[in-house]
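Contents: one structure, followed by commentary.
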Amino acid sequence: MSNSVIRRVVILGALAIMAIVIIQSYWVLRTWDIKEQEFNTAVNIALRNTALQLDSLKAQSSLPAYNLISQEASNYYVVNINDEINANLLEYYLKKNLEAAALRADFEYGIYDCYSKDMVYGNYIGYSKDQQDATVRRNDLPTYDDFEYYFGVRFPNRSSDLLGAMRLTITFTAILFLAILFFSYSIIVILRQKRLSEMQKDFINNMTHEFKTPISTIKISADVFLNNPLIQKDQRLHQYATIIKDQNQRLNNQVEKVLQLAKIERSSFKLKLEKISLHDLLNNIIESTSLQVSQQKGRLLTQLDAQSPMVEADKLHLTNILHNLLDNAIKYCQRFPEINIRTSDDARRVKLEVADRGIGISKEHQGRVFDKFYRVPTGNVHNVKGFGLGLFYIKNICHAHGWKLSLESEPEVGTTITILMNRVG
């Protein structure tokens with residue numbers, strides 16, 4: 001994953017988290033306001049009905065025309081009766097009207113004594129079991145100087161009651177914030193893994209660069225040995241020197257492949273496009289590969305039927321692609337390699353097919369064979385060596401050229417890899 005993609009993911013993720021937090025906070029506060037308004041409305045209706053019922057017992061109404069109920073605090077209300085109050089009837093009507101308004105909330109009330117100018121504590125009405133058993137009375141209801149005859153009602157657990165009414169909203173909010181925390185943690189893990197991946201990539205690149213010097217030294221030394229007349233006369237020493245040169249070349253090819261892949265991933269490589277005859281290039285590669293196939297008692301067949309084989313490509317990378325395809329066909333054979341190379345015309349493209357009768361690839365692994373470092377599992381059998389970079393390299397080079405790459409395979413039958421190249425000329 002490139003740095004720009006990581007940066008976009010982090011920025012978009014942060015913006016999404018901020019938007020979600022803001023929206024959810026708004027709806028929580030909005031829900032709180034609605035519940036608060038519902039509570040106040042229900043309390044006002046219950047207290048008004050209580051005042052009306054108390055007033056209806058009198059011969060003449062004494063209720064004020066306005067300013068009947070005053071809310072002195074978020075949980076404290078005073079009701080202006082404008083006459084003496086019967087404490088027993090007050091408690092009865094309060095419970096009845098509050099329950100009728102669907103408010104089974106704990107409350108306490110007091111009656112103002114205009115002679116002593118104190119609040120005479122009435123009672124604490126609790127609906128929860130703990131509060132019903134409580135016998136402690138509090139005498140801290142505040143007075144209200146604007147009225148002479150009034151009673152006060154306070155809901156001590158108003159905030160907790162509102163939170164209880166919002167239990168579902170709070171639960172979903174908690175779940176949402178847990179999801180946000182998980183998402184944030186995932187972003188942190190991604191950034192950490194990206195940093196570790198870059199460190200690993202830098203280490204591999206530096207290590208492969210360091211290999212270049214000893215590989216070049218070994219190559220020069222092997223050439224000196226092979227050109228020495230004494231070594232050429234000694235068949236055993238000449239064979240050893242040849243093995244050293246061949247294995248050194250193989251090691252150099254692997255190092256070059258790693259370096260090329262590093263350039264591809266950094267997007268720092270540029271294709272050197274030129275017009276190439278695909279048939280001429282294939283003939284040169286087939287000539288060098290047919291000897292290796294014949295030594296393994298295999299067959300290498302060609303069917304070059306393309307009428308216009310000229311393509312625009314980077315010769316070095318196209319050569320590497322063809323070598324990789326043939327190497328895989330040779331390595332993953334069942335007993336003897338059987339390879340068929342075909343070209344044909346396909347609209348405005350040249351179609352190249354490399355088919356073998358090898359061990360094949362099952363469908364469950366076909367979607368991943370082009371991934372970096374991926375190798376088809378073979379259990380404890382490791383008779384075929386490799387890093388899982390060949391097909392990954394082929395896929396990236398084809399993508400850079402704008403070519404279409406496809407694979408068809410069946411276990412124990414063989415594999416066919418097809419590349420559609422842009423024709424020129």
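Numbering of residues begins at 1 and proceeds along the displayed sequence.
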Original post:
Does the side chain of Ser70 come within less than 4.5 Å of Tyr77's, by heavy atoms?
Top reply: no
Original post:
Going by heavy atoms in the side chains, are Gln193 and Val189 under 4.5 Å from each other?
Top reply: yes
**OP:** Tell me, please, which residues at least two apart from Glu210 pass side-chain contact (heavy atoms from CB on, under 4.5 Å).
**Re:** none
Original post:
If only atom types and distance count, is the side chain of Asn228 paired as donor or acceptor with the main-chain N or O of Leu230 below 3.5 Å?
Top reply: yes
**OP:** Taking the side chain as every heavy atom from C-beta outward, state whether Asn97 and Leu47 have any pair of such atoms under 4.5 Å apart.
**Re:** no
**OP:** Find out whether Leu318 and Leu281 are in side-chain contact, i.e. whether some heavy atom of one side chain is under 4.5 Å from a heavy atom of the other.
**Re:** yes
Subject >> Whether Asn75 side chain and Phe155 backbone form a donor-acceptor pair below 3.5 Å >> reply: yes
Subject >> Glu312: partners by salt bridge (Lys or Arg N to Asp or Glu O under 4.0 Å), with sequence neighbours left out >> reply: none
Original post:
Within the side chain of Asp346, is there an N or O that forms a donor-acceptor pair under 3.5 Å with the backbone of Arg349?
Top reply: no
Original post:
Does the Arg423 side chain pair with the main chain of Ala347, one donor and one acceptor, at a distance under 3.5 Å?
Top reply: yes
Original post:
Do the side chains of Ile339 and Thr289 get nearer than 4.5 Å, heavy atoms only?
Top reply: no
Original post:
Under 3.5 Å, is there a donor-acceptor pair between the side chain of His401 and the main chain of Asp314?
Top reply: yes
Original post:
When you look at Lys331 and Asp327, which way does the salt bridge (Lys or Arg N to Asp or Glu O under 4.0 Å) test go after all the steps?
Top reply: CA-CA 6 Å; Lys331 286 194 299 184; Asp327 286 344; over 6 Å; no
**OP:** Tell me, please, which residues at least two apart from Phe370 pass ring-ring contact (aromatic ring centres under 6.0 Å, His included).
**Re:** none
Original post:
Please walk me through it: do Lys212 and Asn252 pass side-chain hydrogen bond (donor to acceptor under 3.5 Å, both in side chains)?
Top reply: CA-CA 7 Å; Lys212 295 294 290 182; Asn252 183 66; 3.1 Å; yes
Subject >> Atom pair CE/NZ of Met166 and Lys35 - distance to nearest 0.5 Å >> reply: 8.0 Å
Subject >> OH/Tyr92: more than 12 non-hydrogen atoms of other groups inside 6.0 Å >> reply: no
Could you pull out all donor-acceptor pairs under 3.5 Å where a side-chain atom in residues 16-32 meets a protein atom, sequence neighbours excluded?
| unit_1 | atom_1 | unit_2 | atom_2 | d |
| --- | --- | --- | --- | --- |
| Gln24 | NE2 | Thr173 | OG1 | 2.8 |
| Ser25 | OG | Val21 | O | 2.6 |
| Thr31 | OG1 | Trp27 | O | 2.6 |

Subject >> Minimal non-hydrogen separation, Glu91 against Ile125, with atom names >> reply: OE2-CD1, 3.4 Å
**OP:** Have a look at Tyr112 and tell me which of Tyr150, Phe151, Phe147 forms a ring pair (Phe, Tyr, Trp, His ring centres under 6.0 Å) with it.
**Re:** Tyr150
**OP:** Enter the distance from Ile69:CD1 to Asn80:CG here, rounded to the nearest 0.5 Å.
**Re:** 10.5 Å
Subject >> Gln295, CD atom: more than 12 neighbouring heavy atoms under 6.0 Å >> reply: yes
Original post:
Gly298 and Phe336: which non-hydrogen atoms are nearest, and at how many Å?
Top reply: CA-CB, 4.2 Å
Original post:
Can you name the closest pair of heavy atoms from Asn422 and Gly402 and give their distance?
Top reply: ND2-O, 4.0 Å
Distance-only criterion, 3.5 Å: show the donor-acceptor pairs between side-chain atoms of residues 407-414 and protein atoms not counting sequence neighbours.
| unit_1 | atom_1 | unit_2 | atom_2 | d |
| --- | --- | --- | --- | --- |
| Ser409 | OG | Ile361 | N | 2.7 |
| Ser409 | OG | Gly414 | O | 3.3 |
| Ser409 | OG | Thr415 | OG1 | 2.7 |

**OP:** Say whether, by atom type as modelled, one donor and one acceptor occur between the side chain of Asp280 and the main chain of Ile276 under 3.5 angstrom.
**Re:** no
Original post:
Quick one: does Thr418's side chain get under 4.5 Å of Leu352's, heavy atoms only?
Top reply: no
Original post:
Just how far is it from atom CZ of Arg154 to atom CE of Met119, taken to the nearest 0.5 Å?
Top reply: 9.5 Å
Subject >> Which atom of Phe39 lies closest to which atom of Leu162, heavy atoms considered >> reply: CB-CD2, 4.1 Å
Original post:
Do Asp345 side-chain atoms and Gln307 backbone N/O form a donor-acceptor pair below 3.5 Å?
Top reply: yes
**OP:** Spell out, as yes or no, whether a donor-acceptor pair under 3.5 Å connects the side chain of Asp356 to the backbone of Glu338.
**Re:** no
Subject >> Pairwise distance OG(Ser406) to CD(Glu353) - rounded to 0.5 angstrom >> reply: 8.0 Å
Subject >> Student check: side-chain heavy atoms of Arg104 and Glu99 closer than 4.5 Å >> reply: yes
Original post:
Under 6.0 Å between the ring centres of Phe225 and Tyr240?
Top reply: no
**OP:** Measure the spacing between CZ of Arg342 and OG1 of Thr302 and express it to the nearest 0.5 Å.
**Re:** 11.5 Å
**OP:** Without swapping roles, check the side chain of Ser277 against the backbone of Met310 for a donor-acceptor pair under 3.5 Å.
**Re:** no
Subject >> Those residues that, when tested against Tyr109, pass ring-ring contact (aromatic ring centres under 6.0 Å, His included) (two or more places apart) >> reply: none
Original post:
Under 4.5 Å between any side-chain heavy atoms of Leu300 and Ile341, yes or no?
Top reply: yes
**OP:** Please check if the side chain of Asn157 supplies one atom and the backbone of Ser160 the other of a donor-acceptor pair under 3.5 Å.
**Re:** no
